[in-house]
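Below: one structure, written as structure tokens.
Indexing begins at 1, ligand by ligand and atom by atom, following the structure's order. Starting from 1, each residue takes its place in the sequence as its number. Every heavy atom of this structure was used, including side-chain atoms; hydrogens, water molecules and symmetry mates were not. Worth saying up front: this structure is predicted, and the values here are computed from it rather than measured.
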Amino acid sequence: MAEKISVQNLVKKFGNNTVLNDISVSINEGEVVCIIGPSGSGKSTFLRCLNRLEEPTSGDIVIDGAHLMDKNTNINLVRQHIGMVFQHFNLFPHLSVLENIILAPMDLKGETRDEAEKNAIRLLDMVGLADKKDAKPDSLSGGQKQRVAIARALAMNPDIMLFDEPTSALDPEMVGDVLNVMKDLAKQGMTMVIVTHEMGFAKEVADRVLFTDGGKILEDATPKEIFENPQNERTKDFLNKVL
Ligand code: ADP
Ligand code: MG
């Protein structure tokens with residue numbers, strides 16, 4: 001399988017605080033990788049480094065052959081291929097659902113309104129919200145907002161999707177609908193990196209689970225190995241607390 005994301009000796013410091021301490025990992029096309037670990041272990045920082053929302057202190061990140069730290073790399077072009085979904089949906093409140101979704105494809109990819117709307121409606125259908133296209137985000141539930149945020153990210157036709165705790169801000173009854181959309185995406189072969197506390201989802205959907213702590217990936221294995229037979233003491237401790 002083709003390598004999609006290669007992270008080599010990634011270090012990220014905030015002042016004296018080394019948040020990512022020499023991380024190397026490779027992710028193949030179509031793989032679904034879940035990242036678990038204690039709060040403050042650098043999960044969000046790692047994800048944000050993957051599209052250079054956060055500037056690495058040292059190391060290299062290669063996405064589809066493009067070296068992110070190379071001055072000649074057009075980072076905006078790389079970012080167009082990477083969708084990101086956050087814990088807090090970050091929708092534009094003054095725009096309708098449809099307008100939220102068509103904005104970037106029209107502005108950044110030069111799609112006509114017609115093309116962008118057609119695609120948006122297809123995506124809204126996919127996330128189960130076709131009837132909400134004219135609604136304003138404030139009138140939606142958290143779970144609906146998050147599904148719009150996923151549709152918005154997909155509208156750029158990305159080939160990598162990054163999720164940072166996409167269900168952590170949701171009421172429990174909303175979580176399933178969002179996870180189901182993510183499962184569908186995984187089935188369609190999307191390369192996905194997902195920071196999550198949903199261990200059931202990780203078990204079921206992930207090809208690999210990374211356990212991070214203290215700025216390191218302490219374990220990188222299949223969900224079966226991680227959840228049934230964790231090797232690292234800190235993985236065991238963490239799982240005992242959350243499961
Ligand atoms: P996680 O997502 O695993 O909870 P984060 O990546 O958010 O962890 O944070 C890891 C560490 O980096 C924390 O100690 C946090 O305080 C620190 N940190 C994150 N972002 C910044 C920032 N912009 N400036 C300074 N410190 C930060
Ligand atoms: Mg985080």
Side-chain angles (χ1 to χ4, degrees), residues 5-27 32-61 63 68-69 75 79 82-91 142-143 145-146 149-150 152-153 158 160-172 174-175 178-179 182 191-203 205-206 208-221 223 226-227 230 232-243:
I5 301 171
S6 168
V7 176
Q8 296 153 11
N9 306 107
L10 174 62
V11 174
K12 175 62 185 178
K13 298 182 186 186
F14 291 108
N16 294 327
N17 184 10
T18 303
V19 173
L20 301 176
N21 188 4
D22 196 21
I23 287 192
S24 296
V25 65
S26 165
I27 295 171
V32 177
V33 175
C34 284
I35 302 178
I36 62 172
S39 180
S41 62
K43 304 182 298 296
S44 294
T45 304
F46 174 75
L47 217 55
R48 291 164 58 80
C49 282
L50 294 184
N51 58 5
R52 251 181 88 184
L53 284 178
E54 212 65 78
E55 195 67 26
T57 304
S58 62
D60 202 3
I61 297 170
I63 308 267
L68 262 55
M69 306 310 292
I75 184 68
R79 281 190 189 131
I82 306 176
M84 186 149 187
V85 173
F86 304 89
Q87 184 174 346
H88 300 285
F89 333 106
N90 305 348
L91 298 173
K145 282 182 203 167
Q146 192 60 299
I150 293 172
R152 183 178 60 175
I160 297 171
M161 286 284 286
L162 309 177
F163 294 86
D164 194 356
E165 299 194 35
T167 59
S168 294
L170 302 180
D171 291 331
M174 308 284 171
V175 169
V178 171
L179 294 180
M182 294 167 65
T191 307
M192 296 163 75
V193 186
I194 305 162
V195 174
T196 187
H197 296 294
E198 295 291 335
M199 299 301 152
F201 174 83
K203 259 184 217 173
V205 182
R208 273 158 70 198
V209 176
L210 311 183
F211 173 74
T212 62
D213 197 9
K216 295 267 191 200
I217 295 173
L218 295 184
E219 211 156 334
D220 175 349
I226 292 263
F227 292 113
N232 191 288
E233 286 307 316
R234 280 196 265 171
T235 316
K236 289 179 197 172
D237 275 354
F238 176 77
L239 291 175
N240 278 332
K241 284 184 193 130
V242 299
L243 287 178

Under 4.0 Å from atom 27 (C) of ligand 1, is there at least one protein heavy atom? yes
Closest approach of any protein heavy atom to atom 19 (C) of ligand 1, naming residue and atom: Phe14 CE1, 3.5 Å
Under 2.8 Å: N/O/S of Gln87 next to the Mg ion (ligand 2): no
Evaluate the side-chain proximity of Met84 to Leu47: yes if any heavy-atom separation is below 4.5 Å, no if none is. yes
Checking a contact table here: which protein heavy atom is nearest atom 13 (C) of ligand 1, and how many Å away? Gly40 O, 4.1 Å
For Ser44, take its heavy atoms, then give the atoms of ligand 1 lying under 4.0 Å from any of them. 1 (P), 2 (O), 6 (O), 7 (O)
Ligand 1 contacted by Gly37 (non-hydrogen, < 4.0 Å): no
Any side-chain heavy-atom pair of Phe238 and Ile36 under 4.5 Å: yes
No-hydrogen, no-angle side-chain donor-acceptor test under 3.5 Å, Gln8 and Ser6: yes
If you have a sec, work out which protein heavy atom is nearest atom 12 (O) of ligand 1 and how many Å separate them, to one decimal? Val19 CG2, 3.1 Å
So which bit of Asn17 gets within less than 4.0 Å of ligand 1, heavy atoms only: side chain, backbone, both or neither? side chain
Examine Lys203 relative to Phe201 and say whether NZ or CZ is less than 6.0 Å from the centre of the six-membered ring and inside a 45° cone about the ring axis. no
Closest heavy-atom approach to atom 9 (O) of ligand 1 among Asp164, Thr45, Ile35 is made by Thr45
State whether the side chain of Glu165 and the backbone N or O of Phe86 hold a donor-acceptor pair below 3.5 Å, judged by distance alone. no
If we count only N and O atoms by modelled type, under 3.5 Å, do the side chains of Ser168 and Gln87 hold a donor and an acceptor together? no
Protein contact to atom 8 (O) of ligand 1 [nearest heavy atom, distance to 0.1 Å]: Gly42 N, 3.2 Å
Mark up the atoms of ligand 1 that fall under 4.0 Å of a heavy atom belonging to Pro38, in ascending order. 3 (O)
Classify the side-chain pair Asp164/Ser44 by whether it contains a donor and acceptor separated by less than 3.5 Å. yes
Got Leu239 and Asp237 here, is their nearest side-chain heavy-atom distance under 4.5 Å? no
Closer than 4.0 Å: a protein non-hydrogen atom to atom 16 (O) of ligand 1: no
